[in-house]
There are 2 protein chains.
Amino acid sequence: MAKNASPSESARPGPARSLDLERVVDTAVALLDEGGSSALSVRAVAGRLGIQPNAIYTYVADRAALERAVVERVLSLADVGLLAGPARSWRRRLTDYASALRGVLLDHPGAAVLFMSAPMDGPSALFVGEGLVGLFMDAGLSPDDASRATYTVIVHVLGSVALEVAETDGRPPLAPESDRARDRYALLTQVPADVFPLSAATARTAAEWVTTAQFAWDLGLLLDGVAARAKARRRE
Amino acid sequence: MAKNASPSESARPGPARSLDLERVVDTAVALLDEGGSSALSVRAVAGRLGIQPNAIYTYVADRAALERAVVERVLSLADVGLLAGPARSWRRRLTDYASALRGVLLDHPGAAVLFMSAPMDGPSALFVGEGLVGLFMDAGLSPDDASRATYTVIVHVLGSVALEVAETDGRPPLAPESDRARDRYALLTQVPADVFPLSAATARTAAEWVTTAQFAWDLGLLLDGVAARAKARRRE
DNA sequence: ACCTGAACACCGTTCAAGT
DNA sequence: ACCTGAACACCGTTCAAGT
C-alpha cells in the first residue's frame with residue numbers, strides 16, 4: 001500500500017516554501033489521516049498553516065472545492081500505469097489497479113467518504129477512465145461496453161471501500177481486517193437464527209464482507225461477466 | 001418510485017401525537033428532502049419540532065444515531081417482499097428489488113450519502129440480507145457464495161446511487177436523468193481527444209453513467225456472473 | 001422520561017480593509 | 001495576490017436544573 005508522504009511535504013533545500021494549493025491539500029490530507037473524516041475543516045487547515053480561516057479562500061473556492069482537491073490528490077496516489085498493457089493480461093492489470101486504488105483509499109480512510117460526495121472531476125479521474133476503457137477494449141468489449149464496465153468497476157471499488165471504512169473510526173492505520181471480521185462475526189452471531197436462518201448460517205462469510213477476500217471475489221464476478229460478454233461478441 | 005409520506009406524518013384522528021423517535025425521524029427525512037444532505041442537523045430537527053436542540057438527545061444518542069435511524073427508515077421504504085420467491089425468477093426478483101431500492105434512494109437523495117457513512121445496522125438491513133441470500137441460493141449458488149453476492153449487490157446499488165446523487169444538489173425531485181446525462185455530455189466533450197481518445201470516443205456512453213440504463217447494465221453483468229457460477233456448481 | 005437554560009468549543013462564509 | 005479583523009449565522013454536545 002502506497003505510503004508516500006506527498007512531495008511538497010518532504011524535506012527540501014532552498015527558501016521556506018510558499019503557501020500554495022498543494023500545501024493546503026497536504027494539510028487537509030494530514031488532518032484526515034490524524035483525525036478521520038470529521039477532522040477536515042476549512043478552519044483546521046488554516047489553523048495548521050498559521051493563517052486566518054478566510055485566507056483559505058485564496059486557494060480554494062469553498063469547502064467542496066477543497067474536498068475535490070483532496071479526492072484528486074488521493075486518486076493520484078494509485079498508479080494508473082498499472083492499467084497499461086498489454087504485456088500483462090487485462091484481468092491481471094485490472095485487479096492490480098483496483099487493489100492499488102483500494103489500498104490507497106484504505107491508507108487514507110478519512111478521504112474515502114469524500115469520493116462518494118465530491119465527484120471526481122480532476123485530471124487523475126480522466127487518466128483512470130481512459131486506462132480502464134482501453135483495458136476493457138483489450139478484453140474484447142465494444143467501446144460502449146468498455147465504457148460501461150469502466151463505471152461498474154469505479155462504483156464497485158469506491159462503494160466497497162466507503163462501506164468498509166464506514167465501520168471504522170476512519171483513522172489510519174485501520175485495524176487488521178481479521179480483527180474487524182472477528183468483531184463483525186461477534187455481532188452477527190446475535191441475530192436470531194429462527195427469523196434469519198440464512199443469515200445465521202452464513203454469518204462466517206458475512207463477517208468477511210469487509211475484507212480483501214470479498215473484494216477479490218466481487219471483482220472476479222464482475223470480470224467473469226466481462227469475459228462472457230467479450231466471448232459472446234467474438235462469436236457474433 | 002415509492003412516494004409514500006411516512007405513516008406517522010399522515011393525517012390521523014385522535015389526540016395530538018406525542019413526540020417520539022418516529023416523529024424525530026420523520027422530521028429528519030423532511031429536512032433532507034427539502035434542503036439536501038446539508039439540511040440535516042440536530043438543531044434543525046429540534047427547531048422544527050419546537051423544542052430546544054439538546055432535547056433531541058432524549059430520543060437519540062448522538063447525530064450518528066440519528067443518521068442511522070434515517071437510513072433504517074429509508075431502507076424500510078423499499079419493499080423487501082419483492083425479493084421473495086420463487087414464483088418469479090430470481091433474476092426478475094433481484095432487478096425488481098434493486099430498482100425499488102434505487103428508486104427510494106433517488107426519492108430521498110439527501111439520505112443517499114448517509115448509507116455510505118452510517119452502517120446499515122437496523123432490522124430492515126437484516127431482512128434485506130436474508131432475502132438476498134435466499135434469492136441467490138434459489139439461483140443455485142452455495143450459501144457462502146450467496147452471502148458474497150448479497151454484499152456485491154448492496155455495494156453496487158448503494159455506491160451507484162451515491163455517485164449519481166453526488167452530481168446533483170441532492171434535493172428531490174432530481175432533474176430528469178436525460179437532462180443530467182445531457183449536461184454530463186456537454187462536459188465530456190471538453191476533454192482533449194488527443195490525450196484521451198477513448199474517453200472522447202465513448203463520451204456518449206459515459207454521459208449515461210448516471211442513468212437507469214447503466215444501472216441495469218451493471219446489474220446484468222453481475223447477474224451473468226452469478227448465473228455462470230451457479231452453472232459451474234451444477235456441473236461439479 | 002422529557003424538557004429548558006446556559007454554555008463550550010466549534011463550523012463555513014462574507015465583507016471591508018490593508019499590503 | 002495574499003492576508004487580517006470582525007462579524008454572521010450556524011454546528012454538536014454537556015451539564016445542571018426543573019417537572
Side-chain angles (χ1 to χ4, degrees), chain A residues 8 14-71 110-111 113-114 117-119 166 169-171, chain B residues 8 14-71 110-111 113-114 117-119 166 169-171:
Chain A
S8 47
R17 277 157 284 108
S18 70
L19 215 47
D20 63 355
L21 177 58
E22 290 309 299
R23 282 250 292 155
V24 169
V25 176
D26 290 346
T27 307
V29 172
L31 284 166
L32 250 7
D33 288 348
E34 287 164 35
S37 61
S38 66
L40 177 61
S41 74
V42 171
R43 292 181 103 104
V45 171
R48 182 158 298 199
L49 290 171
I51 57 178
Q52 297 300 315
N54 52 358
I56 292 294
Y57 295 93
T58 303
Y59 305 100
V60 114
D62 53 19
R63 186 197 219 272
L66 175 61
E67 292 180 351
R68 285 197 304 271
V70 168
V71 164
V113 222
L114 301 182
S117 54
D169 65 1
R171 288 169 33 233
Chain B
S8 49
R17 278 157 284 107
S18 70
L19 215 48
D20 62 357
L21 178 59
E22 289 310 299
R23 282 249 291 156
V24 169
V25 176
D26 290 347
T27 307
V29 172
L31 284 166
L32 250 7
D33 288 347
E34 288 164 34
S37 60
S38 66
L40 177 61
S41 75
V42 170
R43 293 182 103 104
V45 171
R48 181 157 299 200
L49 290 170
I51 57 179
Q52 297 300 312
N54 52 358
I56 292 294
Y57 294 93
T58 302
Y59 305 99
V60 116
D62 53 19
R63 186 195 220 272
L66 175 60
E67 292 180 350
R68 285 197 304 271
V70 168
V71 165
V113 221
L114 301 182
S117 53
D169 64 1
R171 287 169 35 231

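This structure is a prediction, so every number in the text was calculated from the model and none was measured. By convention in this document, chain letters (A, B, ...) are assigned in the order of the sequence lines, proteins followed by strands, and residues within each chain are numbered from 1.
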Inter- and intrachain pairs under salt bridge (charged side-chain N to carboxylate O under 4.0 Å, His left out), touching residues 28-51 of chain A, at least two apart: A:Glu34-A:Arg48
Any residue meeting side-chain hydrogen bond (donor to acceptor under 3.5 Å, both in side chains) with B:Asp169, in chain and number order, not counting sequence neighbours: B:Arg171
Rounded to the Å, how far apart are B:Ile51 CD1 and C:dT4 C1'? 11 Å
With heavy-atom distances below 4.5 Å as the criterion, would you say the side chains of A:Leu40 and A:Val45 are in contact? yes
How far does CG of B:Asp20 sit from OG1 of B:Thr58, to the nearest 0.5 angstrom? 12.0 Å
Rounded off to whole Å, could you give me the CZ-to-C1' distance for the B:Arg23 and C:dA1 pair? 17 Å
Is any side-chain heavy atom of B:Val42 closer than 4.5 Å to one of B:Tyr57? yes
Integer-rounded Å distance: D:dA1 P and A:Tyr59 OH: 12 Å
Once you round it to whole Å, what is the distance between P of C:dC3 and CG of B:Asp20? 10 Å
Among residues two or more places apart or on two chains, list those pairs meeting salt bridge (charged side-chain N to carboxylate O under 4.0 Å, His left out) that have a residue in residues 50-61 of chain A. none
With sequence neighbours left out, what residues match B:Ala55 under side chain to side chain contact (heavy atoms under 4.5 Å, CB included)? B:Ile51
If I pick the P atom on C:dA9 and the same atom on D:dC10, what distance separates them, to the nearest angstrom? 22 Å
Without decimals, in angstroms, what is the distance between B:Gln52 CD and C:dC2 C1'? 13 Å
Distances under 3.5 Å between nitrogen or oxygen atoms of protein and nucleotides 12-14 of chain C:
{"from": "C:dG12", "atom 1": "OP1", "to": "A:Val42", "atom 2": "N", "distance (Å)": "2.9"}
{"from": "C:dG12", "atom 1": "OP1", "to": "A:Arg63", "atom 2": "NE", "distance (Å)": "3.1"}
{"from": "C:dG12", "atom 1": "OP2", "to": "A:Val42", "atom 2": "N", "distance (Å)": "3.0"}
{"from": "C:dG12", "atom 1": "OP2", "to": "A:Arg43", "atom 2": "N", "distance (Å)": "3.0"}
{"from": "C:dG12", "atom 1": "N7", "to": "A:Arg43", "atom 2": "NH1", "distance (Å)": "2.6"}
{"from": "C:dG12", "atom 1": "O6", "to": "A:Arg43", "atom 2": "NH1", "distance (Å)": "2.7"}
{"from": "C:dT13", "atom 1": "OP2", "to": "A:Tyr57", "atom 2": "OH", "distance (Å)": "2.9"}
{"from": "C:dT13", "atom 1": "OP2", "to": "A:Arg63", "atom 2": "N", "distance (Å)": "2.9"}
{"from": "C:dT13", "atom 1": "O5'", "to": "A:Tyr57", "atom 2": "OH", "distance (Å)": "3.3"}
{"from": "C:dT14", "atom 1": "O4", "to": "A:Asn54", "atom 2": "ND2", "distance (Å)": "3.2"}

Calculate, to the nearest 0.5 Å, the distance between atoms CG and CZ belonging to B:Asp62 and B:Arg68 respectively. 6.5 Å
Under a 3.5 Å cut-off on both pairing distances, which runs of 3 or more consecutive Watson-Crick or G-U pairs involve DNA chain D? C:4-8 with D:12-16, C:12-16 with D:4-8
